[in-house]
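Data block below; observations after.
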Amino acid sequence: MIAPTFDNRDGFIWYNGELKPWRESTLHVLSHAVHYGSAVFEGERAYNGKVFKLAEHGERLINSGKILDMTIPYSSAELDGAVIETLAANSITNGYIRRIAWRGSEMMGVSAQTTRINVAIATWEWPSYFKPEERLKGIRLDLSKWARPAPNTAPTNAKAAGLYMICTLSKHEAERKGFADALMLDYRGQIAEATGANVFFVKDSKIHTPTPDCFLDGITRRTVIELAKARGFEVIVRPIMPEEMAEFEECFLTGTAAEVTPVASIADYSFTPGHICKTLMEDYMGLVRGEKEAVAAQ
């Protein structure tokens, strides 16, 4: 059975303060966001009726808006409530949530001083980001030719829609080659992240992860670091060069969509999902499902 496209579904989307039928939740073709990328968003998951890190996602959306000179016309708490309302309206207890804020069609041009800031929240059922059989044995990543930009060339600490353009290009090229995703380096040639997830490596029972100074310090990333520390694993946050991958034993990705996903290879570098990878995968799923004690966010 072919799944319905995302514009043609039953259900409701929270749109500028009210629930609207899914198919009627549209925007004009001359919306500023369509032409100039003036949008920020959040991806979240609900497990057993509870949204994981609900408040953190709401606060990050508000902050991303500020970075893009967009004052979102709702408080973080109001948007959190709207997420719960939208889940209930669609009868979803386990699913994905997308909050998005964007500039409307009141002005057309680079300047957008008087455009309305619109906000919408959609939610739908969505299984694991990667195929289950791939996830268990570890996914394969390509090495992207696109680099994450320097902080003085783009708002890298915002979850801004425009920053994902090179992620789409990277993932498309990787998929055409038969890979599940791509690893991206930064403007200095250091390891940055995958197209939609942070990356971790393991060597001698120590966990290494890149310093998030030109890409998002993910909410899932921070959660997994705390889970690792609670297990007694040493976590080292530092610049990592791509040639170091030859010495790492394990590798995994973290993100709201990816959750904790083991990696079997990146380009010509191979890894074996092992004890640390599997432990953190189980600990994270136990936490989000409410089976483990909550971990404080950094």
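Side chains are part of it too, since the values below use all heavy atoms of this structure and drop only hydrogens, waters and symmetry mates.
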[Y] versus [X], side-chain donor and acceptor atoms under 3.5 Å:
{"X": "D213", "Y": "T211", "result": "no"}
{"X": "H32", "Y": "T115", "result": "no"}
{"X": "D181", "Y": "T195", "result": "yes"}
{"X": "H57", "Y": "E44", "result": "no"}
{"X": "H208", "Y": "R238", "result": "yes"}

Legend entry - Step-by-step side-chain contact (heavy atoms from CB on, under 4.5 Å) determination, E56 to I219: CA-CA 8 Å; E56 286 91 335; I219 291 172; 3.8 Å; yes
Inset, instruction - Go through R45 and E259 one step at a time and tell me if the salt bridge (Lys or Arg N to Asp or Glu O under 4.0 Å) criterion holds. - result: CA-CA 10 Å; R45 277 191 187 266; E259 299 170 320; 3.7 Å; yes
Would you call [X] and [Y] a salt bridge, using N to O less than 4.0 angstrom?
{"X": "K206", "Y": "E234", "answer": "yes"}
{"X": "D7", "Y": "R23", "answer": "no"}
{"X": "E173", "Y": "K177", "answer": "yes"}
{"X": "R99", "Y": "D80", "answer": "yes"}

Test of understanding: clusters of I, L, V, M, F, W, Y form through side-chain heavy atoms closer than 4.5 Å, transitively. Do [X] and [Y] belong to the same one?
{"X": "Y187", "Y": "I191", "result": "no"}
{"X": "L87", "Y": "I13", "result": "no"}
{"X": "M165", "Y": "L163", "result": "no"}
{"X": "L54", "Y": "V288", "result": "no"}
{"X": "F12", "Y": "I92", "result": "yes"}

Strictly distance-based, threshold 3.5 Å: is any side-chain N or O of [X] a donor or acceptor partner for the main-chain N or O of [Y]?
{"X": "T209", "Y": "V199", "result": "yes"}
{"X": "R221", "Y": "T254", "result": "no"}
{"X": "D142", "Y": "A182", "result": "no"}
{"X": "R140", "Y": "G178", "result": "yes"}
{"X": "S76", "Y": "E59", "result": "yes"}
{"X": "K145", "Y": "M184", "result": "no"}

Inset, instruction - Could you label the plane-to-plane angle of the Y47 and F52 rings as parallel, tilted or perpendicular, counting under 30° as parallel and over 60° as perpendicular? - result: perpendicular
Inset, instruction - Check whether the ring centres of F6 and W124 lie less than 6.0 Å apart, and answer yes or no. - result: yes
Legend entry - Gap between atom CG of L280 and atom CG of L227 - 0.5 Å precision: 6.5 Å
Legend entry - Spacing of M70 atom CE and L61 atom CG [to the nearest 0.5 Å]: 8.0 Å
Legend entry - Ring-face cation of R98 near Y96 (centre distance under 6.0 Å, axis angle within 45°): no
Inset, instruction - Kindly check if the number of other-residue, nucleotide or ligand heavy atoms within 6.0 Å of CG (N8) is above 12? - result: yes
Inset, instruction - State which residues pass side-chain contact (heavy atoms from CB on, under 4.5 Å) with L216; sequence neighbours excluded, sorted by chain then number. - result: R60, K159, Y164
Inset, instruction - Determine, step by step, whether E247 and K203 satisfy the salt bridge (Lys or Arg N to Asp or Glu O under 4.0 Å) criterion, reporting the C-alpha distance in whole Å, the side-chain angles of both residues, the deciding distance to 0.1 Å, and the verdict. - result: CA-CA 7 Å; E247 302 175 357; K203 179 183 177 183; 2.9 Å; yes
Legend entry - Nearest non-hydrogen partners of N16 and Y74, listed with the distance: C-OH, 2.9 Å
Inset, instruction - Using the side-chain contact (heavy atoms from CB on, under 4.5 Å) rule, take I240 and F201 through it: C-alpha gap first, then chi angles, then the decisive distance, then the call. - result: CA-CA 10 Å; I240 301 174; F201 300 95; 4.1 Å; yes
Inset, instruction - Check the pair T123, V83 against side-chain contact (heavy atoms from CB on, under 4.5 Å), reporting the backbone distance first and the verdict last. - result: CA-CA 8 Å; T123 183; V83 168; over 6 Å; no
Inset, instruction - Output, in order, the C-alpha distance, side-chain angles, deciding distance and verdict of side-chain contact (heavy atoms from CB on, under 4.5 Å) for F200 and I225. - result: CA-CA 10 Å; F200 290 79; I225 286 175; 3.7 Å; yes
